[in-house]
Amino acid sequence: MRCPYCQHSESKVVDSRPTDEGTSIRRRRECLGCNKRFTTYEQVEVVPITVLKKSGGTEVFDRNKILNGLIKSCEKRSVSVEDMEAIADDIESTLQSNMIRQITSEEIGEMILARLKDLDEVAYVRFASVYRRFQDIDSFMQELKALQNKKE
């Protein structure tokens, strides 16, 4: 780490502590060249995940898109915002911990459905109806029957 004052390349750590959020570490350093102090922050480097869309395009993973879909699916249901955020966090951390760099939107949709099925069946059906693009009442009924059979 170069000193911001004299550009000397060596410094020593005088104090080190986690930030309030716990996502980074604040370090007070003292330059070994000019003896001035400065602050640095250290945090884990997160490699971006790309999502391969149905259209063939790609975009950067955005957990807010998951959260927005969950909010629409769980509207007027007794599902807390904390539960929805926990699902979005769980999916994001699963992708990060498995070192997945590219995933399809279909795989993300299936991950959401798996978690919604245990949380709220009505929200599950709502999400499935948009995600699976039911074309008619028969395909909708097939999904409901599959859900009912898994319950029994």
Side-chain angles (χ1 to χ4, degrees), residues 1-4 9 11-29 37-152:
M1 179 67 58
R2 292 200 177 274
C3 172
S9 63
S11 63
K12 67 178 180 179
V13 176
V14 178
D15 182 39
S16 183
R17 64 181 67 170
T19 59
D20 291 337
E21 304 87 37
T23 58
S24 62
I25 297 176
R26 178 185 180 269
R27 299 197 194 280
R28 286 294 292 162
R29 296 179 177 270
R37 291 186 176 191
F38 58 98
T39 303
T40 61
Y41 291 90
E42 179 182 316
Q43 58 187 349
V44 175
E45 182 179 15
V46 179
V47 179
I49 299 167
T50 57
V51 178
L52 183 59
K53 305 295 283 179
K54 289 179 185 176
S55 64
T58 59
E59 64 182 44
V60 176
F61 175 82
D62 183 2
R63 80 179 280 288
N64 289 326
K65 286 191 171 190
I66 292 174
L67 200 51
N68 289 336
L70 289 169
I71 289 169
K72 288 176 187 173
S73 299
C74 297
E75 188 175 6
K76 297 183 182 177
R77 301 293 303 157
S78 61
V79 177
S80 69
V81 174
E82 290 79 19
D83 287 340
M84 291 182 265
E85 287 179 343
I87 290 174
D89 290 342
D90 182 45
I91 290 171
E92 184 175 26
S93 65
T94 298
L95 297 176
Q96 289 289 347
S97 65
N98 291 336
M99 302 295 287
I100 295 172
R101 297 295 149 239
Q102 186 172 53
I103 189 167
T104 64
S105 57
E106 290 87 4
E107 291 171 305
I108 293 173
E110 292 299 327
M111 293 172 81
I112 295 168
L113 284 173
R115 287 155 178 85
L116 271 179
K117 189 181 292 186
D118 297 331
L119 185 65
D120 187 276
E121 292 175 345
V122 173
Y124 168 86
V125 172
R126 286 178 178 172
F127 188 87
S129 68
V130 173
Y131 167 69
R132 295 208 169 119
R133 295 185 175 143
F134 296 143
Q135 298 300 315
D136 53 30
I137 192 72
D138 291 331
S139 57
F140 189 77
M141 290 302 293
Q142 286 176 349
E143 187 69 33
L144 288 175
K145 287 178 185 174
L147 180 62
Q148 190 172 29
N149 289 340
K150 288 182 183 178
K151 229 178 125 175
E152 296 173 349

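Both backbone and side-chain heavy atoms feed into the values below; hydrogens, waters and symmetry mates do not. Along the sequence shown, the residues carry numbers beginning at 1.
In this structure, Gln96 CD and Ile49 CD1 are separated by 4.0 Å, a value rounded to the nearest 0.5 Å. In this structure, the separation between CD1 on Ile100 and CD on Glu107 is 7.0 Å, given to the nearest 0.5 Å. Interatomic distance, Lys76 NZ to Arg126 CZ, rounded to the nearest 0.5 Å: 8.5 Å. The distance from atom CD of Glu110 to atom OG1 of Thr104, rounded to the nearest 0.5 Å, is 9.0 Å. Separating the CE atom in Met111 from the CD1 atom in Ile87 is a distance of 11.5 Å, to the nearest 0.5 Å. Here the CE atom belonging to Met84 is positioned 8.5 Å from the CD atom belonging to Glu82, to the nearest 0.5 angstrom.
For Arg26 and Thr19, the side-chain atoms include no donor-acceptor pair closer than 3.5 Å.
For the pair Ile103 and Leu52, the minimum side-chain heavy-atom distance is 4.5 Å or more. Put simply, the side chain of Ile91 does not reach to within 4.5 Å of the side chain of Thr94, judged on heavy atoms. The closest side-chain heavy-atom distance from Thr50 to Arg101 is not below 4.5 Å. When side chains are defined from C-beta on, Ser16 counts as touching Ile25, because their heavy atoms get closer than 4.5 Å. Contact check for Phe127 versus Lys72: no side-chain heavy atoms found under the 4.5 Å cut-off. In this structure, Ser73 and Ile112 have side chains that are not in contact, with every pair of non-hydrogen atoms separated by 4.5 Å or more. Within the 4.5 Å cutoff, side-chain heavy atoms of Ile66 are placed close to those of Phe61. Between Asp83 and Leu119 there is a side-chain heavy-atom pair separated by less than 4.5 Å.
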- Dump the intermediate steps for side chain to side chain contact (heavy atoms under 4.5 Å, CB included) on Arg17 and Arg28, then the final yes or no. CA-CA 9 Å; Arg17 64 181 67 170; Arg28 286 294 292 162; over 6 Å; no

- Task: Starting from the C-alpha separation in whole Å, work towards a yes-or-no answer on side chain to side chain contact (heavy atoms under 4.5 Å, CB included) for Lys53 and Thr58.
- Result: CA-CA 6 Å; Lys53 305 295 283 179; Thr58 59; over 6 Å; no

- Give the intermediate values and the outcome of side chain to side chain contact (heavy atoms under 4.5 Å, CB included) for residues Arg29 and Lys12. CA-CA 5 Å; Arg29 296 179 177 270; Lys12 67 178 180 179; over 6 Å; no

- Task: Could you walk me through whether Ser24 and Glu42 pass side chain to side chain contact (heavy atoms under 4.5 Å, CB included), step by step?
- Result: CA-CA 5 Å; Ser24 62; Glu42 179 182 316; over 6 Å; no

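Taking every heavy atom of both residues into account, Leu67 and Ala88 meet most closely at CD1-CB, 4.4 Å. For the pair Ala123 and Asp120, the tightest heavy-atom approach, listed with the atom from each and the gap, is N-OD1, 2.8 Å. A pairwise comparison of heavy atoms in Cys74 and Leu116 identifies SG-CD2, 4.1 Å as the closest pair.
With sequence neighbours left out, Asn68 forms a side-chain hydrogen bond (donor to acceptor under 3.5 Å, both in side chains) with no residue at all.
Classification of Lys65 and Glu59 as a salt-bridged pair holds, one side-chain N sitting under 4.0 Å from a carboxylate O. Using a 4.0 Å cut-off between charged side-chain N and carboxylate O, Asp15 and Arg27 make no salt bridge.
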